[in-house]
Amino acid sequence: MRPSTPVPGRASGPRRIRGTVRALAAVAVTLPLLGAAPSPPPPDTDRLQQAFAVAAAEYGVPQSVLLGVSYLQSRWDAHGGAPSVTGGYGPMHLTDARTALAAAEHHGEGTEDPRGDDARPPLRPEARPPRTDALPARLTTLPRAARLTGLSPERLREDPAANVAGGAALLADAQRRLGQPASGDPADWYGAVARFSGADDTASAAAYADDVYEVIRAGGERITDAGQRVVLAARPGLAPDTSAPALTGLRTASAAGTECPPTVSCEWVPAPYEEFGDGDYGNHDLGNRPVSQPIRYIVVHDTEGAWEGVLDMVQDPTYVSWQYSLRSTDGHIAQHVKAKDVAWHAGNWYVNAGSIGLEHEGFLAEPDAWYTEAMYRSSARLVRYLAEKYDIPLDRQHVLGHDTVPGPTSGTIPGMHTDPGPYWDWAHYFELLGRPFEATAGRHAGMVTIRPDYAANRPVFTGCENAGEPCATHGSSAVRLYSDHDDNSPLIRDVGLGSAPTTGVNDLSSRASTGQQYAVADRWGEWTAIWYLGQKAWFRNPVKQPTAVPASGLVVTPRKGLDSVPVYGRAYPEKEAYPEGVPAQSVSPLPYTLPKGQRYVTGGRVPGEYYYAVTFDESSHRVVTGEDLYYEIQFGHRVGFVRAADVTVRPA
């Protein structure tokens, strides 16, 4: 990568800078100016709305454009000054990746073998730290905004009003550089919006601008994470000049060869299928899905690497692979492995062989960093497309987080990865998928869907910066589970981890996640108990602000006469199913059991299946399917499998 070239700041005299600072001060602290009588301060909940109005007027940017861009970046949230996964700050997601990286430490979240196939030696490629020597311009917009406004980088990071002004300055500068007038008509700002995205190709810039104008046409109202009420009036007839991105001088990227919906920007950046060394090859396996075997899962990951570095890694035959990468700043997608082929990404070969992996850009080690709306939307469009194409149910037992993929064997459980973590907004993601988590049964149903209010749900986590120290307060999809109906009771223990449960951000032992479904085990006042890892696990569930909603569905329980049944991390065939030349794989249970009298929600029945692919020559590859059938269940935080012959299925 070449070092990014600083963009010269807009010529701005002292009067403009002083005027901006005065306007921001009026919004932020309502100080009297030049001896004049102070204006009445805006209501506490309207200050961000006024900041948009002030910045729009100061820089000549239509307020609807400023609001639309900000919504696509952050949904108008400030996140308490915490950086996003790509070092973006504030409502405008002004990026200062170098500063964010300098303040972050790397915290490992697992030592799994991404391939997860016992028939081959473990694959553990060396982790590569993110580079800061050649950050692209899209990751350094905050320093540019500082030059344009005269405001300090610290203020742009920490003060939402200043951050909005910085975004307005960048939009105005982009409009000027395109040779366009500072028009009051939002239809004239399509090119500047496209440039604001930081995209390096015309398709991505146009897709980003299209999303912004979709937001403007629809309008909206929201209470932000800081309690600010922001309103964007709908402009249903707004039709911008969409030819403007051609003026930006960006490269032309081709979607040829990709398997993406037309509603996203997508390009083909192939992962190599190559031989290297002594009989080794990488970094995926050729297949013939869904003809040879169905695609059952989509796995959501977080890269923990910057875009350019991630693309370098996936193009290395000695590294691992996944099907798609998604860029944070604008939602651009790169496809690396065809859906028919098997990528090495989930740490469990059974899941790899039946899944498509999506890596979402995020190179900060701060687990409470946030994700942009642009990436959420692009990812949701891709997942909807894949789910329809391959008949994948849109639920949490088929759209998996990497953190819900089970360890394939007992020894692998402690090393399994924990991304995308407790701060991925599953509720919002599934709303974008068109499958919101809603009540589907009466109040006293025997099954629940975990569904806390993301913004109000703020469990304490530790270890984001230093071991044992509390993380920054942050909205979360995670719900903490206790051994009794008391916040002071012990946390639920996961025997597979072999360690005492903690509030660590990467400790999944006593945690349920939004969208996951469990059978109700008990109720006590404002508390609900669910069956979880063979235990009763309690969480607070008040009627006025519920943490879960009633649900209907199917559950499994041990068949009559069995005191308990084993739980597996993979659904492999019985020994007799393997043909000559294909070594039988162990069907070894995990250190868990499903006891008599307990019930677990099932995501459906699956066959015992194993994909044998251990050589570069695909003529030896085989899909082995047995007579044994399994049910996938939500057993703890992760899913698991039980043999169909061991259980009875019934409505919850």
Side-chain angles (χ1 to χ4, degrees), residues 296-297 348 350-351 393 395-401 403-408 410 413 437 440-441 444-451 479 481-483 492-497 508-523 528-539 541 547-571 589-606 608 628-652:
R296 299 184 178 92
Y297 308 109
N348 182 315
Y350 180 82
V351 174
D395 59 43
R396 287 298 313 276
Q397 287 199 19
H398 296 89
V399 180
L400 302 172
D403 57 344
T404 65
V405 174
S410 295
I413 293 173
F437 301 127
T440 57
H444 297 294
M447 176 175 153
V448 292
T449 301
I450 303 298
R451 179 56 173 93
V479 173
L481 302 173
Y482 299 88
S483 56
I492 290 295
R493 185 183 183 93
D494 183 344
V495 297
L497 292 176
L508 304 179
S509 56
S510 52
R511 186 188 304 174
S513 180
T514 295
Q516 292 179 330
Q517 295 185 316
Y518 299 92
V520 174
D522 205 348
R523 290 184 171 91
T528 298
I530 55 176
W531 294 119
Y532 183 98
L533 294 175
Q535 308 160 71
K536 273 188 182 181
W538 292 87
F539 62 92
N541 190 24
T547 307
V549 294
S552 58
L554 298 177
V555 297
V556 301
T557 191
R559 66 176 175 82
K560 188 175 181 180
L562 295 178
D563 290 331
S564 65
V565 300
V567 177
Y568 302 89
R570 55 195 182 190
L590 300 177
Y592 311 113
T593 60
L594 194 167
K596 178 174 62 176
Q598 295 190 14
R599 304 175 306 283
Y600 290 83
V601 175
T602 177
R605 193 170 65 177
V606 296
D628 278 355
L629 299 174
Y630 293 80
Y631 282 98
E632 180 194 346
I633 61 171
Q634 188 69 59
F635 188 63
H637 184 83
R638 301 183 188 273
V639 300
F641 301 92
V642 291
R643 290 163 56 96
D646 291 341
V647 297
T648 298
V649 183
R650 65 189 191 199

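Heavy-atom basis, side chains included; hydrogens, waters and symmetry copies ignored. Bear in mind that the values here come from a model prediction, so they are computed numbers and not experimental data.
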[atom2] on [Y] to [atom1] on [X], rounded to 0.5 Å:
X	Y	atom1	atom2	result
Asp522	Ile530	CG	CD1	12.5 Å
Leu481	Tyr532	CG	OH	5.5 Å
Gln634	Arg396	CD	CZ	7.5 Å
His637	Thr404	NE2	OG1	6.0 Å
Met447	Arg599	CE	CZ	11.5 Å
Ile633	Gln517	CD1	CD	13.5 Å

- request: Sequence neighbours left out, what passes salt bridge (charged side-chain N to carboxylate O under 4.0 Å, His left out) with Asp628? Give chain and number order.
  value: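 Scan of Asp628 (salt bridge (charged side-chain N to carboxylate O under 4.0 Å, His left out), adjacent residues dropped) gives Arg643.
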
Which heavy atom of [X] sits nearest to which heavy atom of [Y], and what is that distance?
X	Y	result
Tyr631	Ala644	CE1-CB, 3.7 Å
Gly534	Pro595	CA-CD, 4.0 Å
Leu533	Ser509	CD1-O, 3.9 Å
Gly407	Asn348	C-ND2, 4.2 Å
Ala521	Trp531	CB-CE2, 3.3 Å
Val448	Ala548	CB-CB, 3.9 Å

- request: Assess whether side chain to side chain contact (heavy atoms under 4.5 Å, CB included) is satisfied between Val556 and Val565, documenting all intermediate values.
  value: CA-CA 11 Å; Val556 301; Val565 300; over 6 Å; no

query: Would one find more than 12 heavy atoms of other residues, nucleotides or ligands at under 6.0 Å from atom CZ of Arg605?
result: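 No.
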
Without swapping roles, check the side chain of [X] against the backbone of [Y] for a donor-acceptor pair under 3.5 Å.
X	Y	value
Asp646	Pro566	no
Gln397	Val601	yes
Thr514	Arg451	no
Arg638	Val405	yes

field: Pair Asp494-Tyr592, side chain to side chain contact (heavy atoms under 4.5 Å, CB included): steps then yes or no
entry: CA-CA 9 Å; Asp494 183 344; Tyr592 311 113; 2.7 Å; yes

message: Run the side chain to side chain contact (heavy atoms under 4.5 Å, CB included) test on Val555 and Arg650 for me, step by step, so that the C-alpha distance in whole Å, both residues' side-chain angles and the decisive distance to 0.1 Å come before the verdict.
response: CA-CA 6 Å; Val555 297; Arg650 65 189 191 199; 4.1 Å; yes

task: Side-chain contact test, heavy atoms from C-beta onward, threshold under 4.5 Å: evaluate it for Leu594 versus Pro558 and give yes or no.
output: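 Yes, side chains in contact.
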
- prompt: Would a 4.5 Å heavy-atom cut-off, applied to side chains only, mark Asp403 and Ser513 as touching?
  reply: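 Side-chain contact under 4.5 Å: no.
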
- request: Quick one: list whatever passes side-chain contact (heavy atoms from CB on, under 4.5 Å) with Ser564, sequence neighbours left out.
  value: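 Ser564 satisfies side-chain contact (heavy atoms from CB on, under 4.5 Å) with Thr593 once adjacent residues are dropped.
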
field: Partner residues of Ala441 under the side-chain contact (heavy atoms from CB on, under 4.5 Å) criterion, sequence neighbours left out
entry: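 Per chain and number, Ala441 pairs via side-chain contact (heavy atoms from CB on, under 4.5 Å) with Ala445, Pro550, Ser552.
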
query: Should the pair Tyr600 and Phe635 be assigned to parallel (<30°), tilted (30 to 60°) or perpendicular (>60°) ring geometry?
result: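 It falls in the tilted class, 30° to 60°.
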
